Student: 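A single structure is presented below for examination.
If you're wondering where the values come from, they're calculated on a predicted model, not measured in any experiment. These numbers come from the heavy atoms of this one structure, side chains and all, not from hydrogens, waters or symmetry mates.
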Amino acid sequence: MNRSQKQSRFAIAVLKGIAGFVVLILAFLIGYIFITGLPNINWRFLTAPAKAFSSGGGIGIQLFNSFYLLILAMLISLPIALGASIYLNEYAKDNWFTAMIRTSIEILSSLPSVVVGLFGFLLFVVHYKFGFSIISGALTLTIFNLPLLTRNIEESLATVPDDQRQGGLGLGLSKYETIIHIVVPAALPGIISGIILCSGRVFGEAAALIYTAGQSAPALDFGDWNPFNIDSPLSPLRPAETLAVHIWKINSEGIMPDLTKVSSGSAAVLVLAILIFNLSARYIGRKVFEKMTSMD
């Protein structure tokens with residue numbers, strides 16, 4: 001074995017050691033959260049409303065708010081991100097303008113969430129007078145989520161071979177029809193994976209929502225599904241404390257007797273949901289790819 005081979009093996013060993021160390025840290029954190037939190041989770045904990053001064057509270061309203069905000073944010077951001085990605089990858093020329101757009105997307109995707117939250121507070125809560133509400137939180141999450149989602153969809157579209165585009169044009173399809181009926185379906189596995197991964201990122205967001213969706217979870221009438229009534233779960237103008245914000249709040253100013261149990265259980269539910277998002281992204285993306293590439 002010569003010197004270069006020894007150096008190569010040493011470098012590989014160092015990289016494996018670093019990777020293993022990172023995995024151990026992650027496993028320790030997740031294991032600690034699950035060991036302390038999972039025993040406190042039951043059906044009542046997942047569905048009961050939170051209690052500010054007495055023990056026995058749950059996270060039912062906070063959990064509902066988290067999913068409702070996520071759905072609204074994705075409904076707003078997905079069409080915009082899909083349109084922007086199609087334009088950048090299929091129509092835009094490679095010039096200073098598109099380079100500026102891509103640079104702006106990179107900068108926006110790296111902004112701290114607290115900065116996005118303060119921007120959303122000034123724009124939606126104060127300027128447009130939406131107040132601390134679900135719509136303010138959803139629009140702020142759209143700003144937070146849009147750059148990453150656009151980049152993921154654009155990368156998925158870029159992986160589609162040009163031969164498929166040329167084939168569609170050769171069959172007499174217009175460029176628009178080729179994109180809609182050939183390119184986008186071919187990129188669908190990557191698009192779905194990107195959507196689910198971005199959903200997990202949004203679901204665990206707290207800083208951007210503290211200043212926009214609010215830190216209170218008023219009682220809801222789950223028998224009233226009229227979005228124009230302020231007590232309705234579907235009302236976009238009501239304040240909505242999410243699960244991530246709830247964890248931050250009870251650890252910073254909570255006074256309930258079972259604070260530790262509620263905090264540990266809430267953290268375990270949040271981490272478990274994010275893990276499900278990430279694992280389902282891989283599984284669904286692989287299944288869609290297998291179905292689209294199968295010869296049956």
Side-chain angles (χ1 to χ4, degrees), residues 66-111 116 135 138-205 273-296:
S66 297
F67 282 108
Y68 187 33
L69 263 169
L70 171 63
I71 292 172
L72 282 183
M74 296 306 295
L75 286 176
I76 298 172
S77 59
L78 181 56
I80 301 174
L82 184 60
S85 302
I86 291 175
Y87 169 76
L88 289 173
N89 193 72
E90 304 296 332
Y91 289 99
K93 297 180 180 179
D94 190 11
N95 52 31
W96 66 270
F97 181 68
T98 55
M100 182 181 67
I101 293 177
R102 289 189 173 93
T103 302
S104 301
I105 291 174
E106 293 292 334
I107 294 173
L108 288 173
S109 63
S110 61
L111 283 178
V116 179
I135 189 63
L139 292 172
T140 303
L141 287 179
T142 298
I143 298 174
F144 177 74
N145 190 43
L146 196 57
L148 183 62
L149 188 58
T150 301
R151 187 173 58 183
N152 285 338
I153 296 178
E154 184 186 1
E155 291 175 354
S156 299
L157 295 174
T159 60
V160 179
D162 287 336
D163 292 343
Q164 296 192 30
R165 296 177 175 86
Q166 297 299 327
L169 296 174
L171 291 172
L173 298 176
S174 65
K175 186 171 184 178
Y176 172 79
E177 291 173 331
T178 301
I179 293 171
I180 297 300
H181 298 292
I182 296 178
V183 178
V184 172
L188 198 58
I191 293 175
I192 293 175
S193 297
I195 291 172
I196 297 175
L197 290 174
C198 289
S199 299
R201 183 178 183 230
V202 168
F203 189 83
E205 179 55 38
I274 295 175
L275 284 176
I276 291 174
F277 278 124
N278 284 267
L279 294 176
S280 60
R282 295 177 178 273
Y283 177 78
I284 295 175
R286 185 174 66 251
K287 288 297 181 182
V288 172
F289 178 78
E290 292 176 353
K291 183 176 181 60
M292 295 185 64
T293 56
S294 64
M295 303 300 294
D296 296 337

Student: To the nearest 0.5 Å, what is the distance between CG on L139 and CG on L146?
Tutor: 11.5 Å

Student: Tell me, yes or no, whether the heavy-atom count around Y283 atom OH, taken from other residues, nucleotides or ligands under 6.0 Å, exceeds 12.
Tutor: no

Student: Under the rule for side chain to side chain contact (heavy atoms under 4.5 Å, CB included), what residues qualify as partners of S66, not counting sequence neighbours?
Tutor: F203, T242, L243

Student: Contact between I86 and V184 at the side-chain level, heavy atoms closer than 4.5 Å - yes or no?
Tutor: yes

Student: For T150, is there any backbone N or O sitting under 3.5 Å from a side-chain donor or acceptor partner on S85?
Tutor: yes

Student: Rounded to the nearest 0.5 Å, what's the gap from CG on L141 to CG on L70? Could you check?
Tutor: 8.5 Å

Student: With a 4.5 Å cut-off on side-chain heavy atoms, are L88 and I105 touching?
Tutor: yes

Student: With side chains defined as the heavy atoms from C-beta onward, is the minimum distance between E90 and T178 less than 4.5 Å?
Tutor: no

Student: Find out whether N89 and V183 are in side-chain contact, i.e. whether some heavy atom of one side chain is under 4.5 Å from a heavy atom of the other.
Tutor: no

Student: In Å and rounded to the nearest 0.5 Å, what is the CD1 to CG distance from I274 to L279?
Tutor: 12.0 Å

Student: Run through L149, I196, L69 and flag the one making a side chain to side chain contact (heavy atoms under 4.5 Å, CB included) with M74.
Tutor: L149

Student: Could you measure the distance from the CG atom of L197 to the OG atom of S199? Nearest 0.5 Å is fine.
Tutor: 8.5 Å

Student: If you round to the nearest 0.5 Å, how far is CG of L188 from CD1 of I153?
Tutor: 10.5 Å

Student: Taking Q164 for its side chain and P161 for its backbone only, find out whether a donor-acceptor pair lies under 3.5 Å.
Tutor: no

Student: Considering non-hydrogen atoms only, spot the tightest contact between P189 and A186 and give its length.
Tutor: CD-O, 3.6 Å

Student: Measure the CG-CZ distance between L72 and F67 for me, rounded to the nearest 0.5 Å.
Tutor: 14.0 Å

Student: Specify the closest pair of heavy atoms between Y176 and Y91, including all atoms of both residues, with the distance to one decimal.
Tutor: CA-OH, 3.7 Å

Student: Can you name the nearest heavy-atom pair linking L157 to A187, along with the distance?
Tutor: CD2-CB, 3.8 Å

Student: In a check of side chain to side chain contact (heavy atoms under 4.5 Å, CB included) between R151 and each of S109, S156, C198, which one passes?
Tutor: S109

Student: Under 3.5 Å, is there a donor-acceptor pair between the side chain of N95 and the main chain of T98?
Tutor: yes

Student: Looking at V116 and T140, what are the two nearest heavy atoms and their distance?
Tutor: O-CG2, 3.6 Å

Student: Just jot down the salt bridge (Lys or Arg N to Asp or Glu O under 4.0 Å) partners of R201, sequence neighbours excluded, or say none.
Tutor: none

